[in-house]
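Counting starts at 1 for both ligands and their atoms, in listed order.
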Amino acid sequence: MTMKVPFLDLRLSETAERELLMQAMETVLQHGRLVMGPEITQFEETIADYCGRKFCVSVGSGTDALFLSLKALRLGPGDEVITTALSWVATANAIALTGATPVFADIQDDLNICPHSAESLVTKRSKVILAVDYTGKICDMEALEAICRRHNLLLVEDGSQSFGATHKGRRCGAFGTISAISHNPMKVFAALGEAGSILCDDEALYERLVALRYNGTINRETCIEPSLNGRMDTLQAAVLLKRLDLLDALLQRRNDNARYYSERLGSLLKVPAEDESGQPVYYTYTVQTPERDQLEQYLADAGIETKVQHRLLMPEAPAYKPGVRGSYPNALVLSQQILSIPVHEKLTEAQRCHVANSIAAFVAKQKR
Ligand SMILES: *Cc1c(COP(=O)(O)O)cnc(C)c1O
């Protein structure tokens, strides 16, 4: 019988964690403030502090976080936002929904936006660089900050995949004018459903975000600008507060799995390079090989679930392809070579060994 290795396991099977989260939810059910309860404020203060920011605004999803962030910066038709070609399509959608035009830059071999490519796409219409910390590794923020200073642009961080990661002594959530984070169940710091956060340091921007999160109202009553209802449920804030206490241990297990893979596989195919500027969180552990499709099939046959994130670049999606602006030759090549293997915190020693053995067997077979 072949061993099954799931890409993720979202069941709450560990009793200690289950107990903790049930208690947190029980408290919310007791006080009954299901929307904007006390856990919301507590969550926002805790997360702002954790990320080293003045303000956090909790929202309904990572997509809400991105869209409301860009809307708060008053982007609209005629404005351009430079972003990476390789991300979950929520990144481009948030730009497009403000009326602004996404412009797609190339990626480096670490799968993050290439600063040179981003700078080459700057025009008079450029307003923002939206940097995605892909795979859980923070971008080359110093280079991006310098470009923003040179061209009078704002930097926005999409930290949806990188909550908990560090870069030169700063944490994910601390970069740029605003950071947007997803806490959906697939993410490393995950709620038990949809949830997101926005982080910033500017008080006026914070107040604007609070209004935009609730139908563009001040005092939750008077509408000053049309917007959506994007508030986080109190239950999710309560769950996330408990999970923050467990985050370090979770990250350690992921890092340990990543280290194990890099040692076993580093000489066999391209694995994530060691990050000298900080510690990534390994939202995904993504290998690169020209035989990607064959490896994907080989691992599936061995009972190992993998993911390609993403097969289609955002600018290649039917919604964006017609008349798309940008230049991303390396992203076109790498999107055919990337494969994410299971690296989650519930992986057993036997499972990760099976994954590494199977990849080694595949590489040996290709060589014959
Ligand atoms: C998950 C993700 C989002 C969207 O977050 P949701 O909470 O699913 O709406 C946005 N950007 C990136 C890079 C993501 O990985």
Side-chain angles (χ1 to χ4, degrees), residues 7-8 10 43 47 56-71 81-98 102 104-105 107 110-113 128-139 141 144 155-165 167 172-173 175-176 178-199 213 228-233 235-237 239-240 243 254 280-286 307-315 317 319-320 328 331 334-335 338 340 343-344:
F7 188 73
L8 269 181
L10 300 181
F43 171 80
I47 296 304
C56 169
V57 179
S58 61
V59 291
S61 70
T63 306
D64 281 352
L66 279 169
F67 170 64
L68 295 173
S69 296
L70 298 179
K71 188 171 165 66
V81 177
I82 298 168
T83 193
T84 172
L86 179 64
S87 179
W88 170 230
V89 74
T91 307
N93 286 350
I95 300 167
L97 284 172
T98 66
F104 299 97
I107 57 172
D110 70 355
L111 308 181
N112 276 339
I113 190 168
V128 168
I129 293 181
L130 176 50
V132 180
D133 301 328
Y134 209 62
T135 74
K137 177 181 192 268
I138 293 175
C139 295
M141 292 297 185
L144 295 170
L155 181 63
V156 174
E157 179 186 28
D158 180 348
S160 291
Q161 304 191 355
S162 56
F163 190 91
H167 175 83
C172 160
F175 296 92
I178 307 194
S179 304
I181 314 265
S182 166
H183 305 298
N184 89 28
M186 283 177 65
K187 302 302 200 266
V188 172
F189 180 45
L192 296 178
E194 309 282 3
S197 298
I198 305 170
L199 293 135
R213 155 177 82 175
L228 44 74
N229 178 9
R231 295 184 297 185
M232 182 189 283
D233 294 329
L235 280 168
Q236 300 300 356
V239 164
L240 285 166
R243 279 197 160 162
R254 281 182 175 252
V281 291
Y282 296 103
Y283 168 67
T284 57
Y285 185 93
T286 302
K307 284 207 190 300
V308 176
Q309 283 173 334
H310 294 279
R311 232 170 271 273
L312 206 57
L313 299 174
M314 295 191 296
Y320 292 100
Y328 39 86
L334 294 188
S335 64
I338 49 177
S340 301
V343 72
H344 61 82

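For the residue pair Thr91 / Thr83, no side-chain donor-acceptor distance below 3.5 Å is found, with atom types taken as modelled. Counting only N and O atoms by type, the side chains of Ser335 and His310 include no donor and acceptor under 3.5 Å apart. Side-chain contact of Ser61 with Glu194: a donor-acceptor pair under 3.5 Å is absent, judged by distance alone.
For ligand 1, the protein residues within 4.0 angstrom (heavy atoms only) are Ser61, Gly62, Thr63, Leu66, Ser87, Trp88, Ala90, Thr91, Val132, Asp158, Ser160, Gln161, Ser182, Asn184, Lys187.
Between the side chain of Tyr328 and the backbone N or O of Phe104 there is no donor-acceptor pair closer than 3.5 Å. The main-chain N or O of Thr135 is found under 3.5 Å from a side-chain atom of Gln161 such that the two form a donor-acceptor pair.
Relative ring orientation between Phe175 and His167 is described as perpendicular, the plane-to-plane angle rising above 60° on a 0-90° scale split at 30° and 60°.
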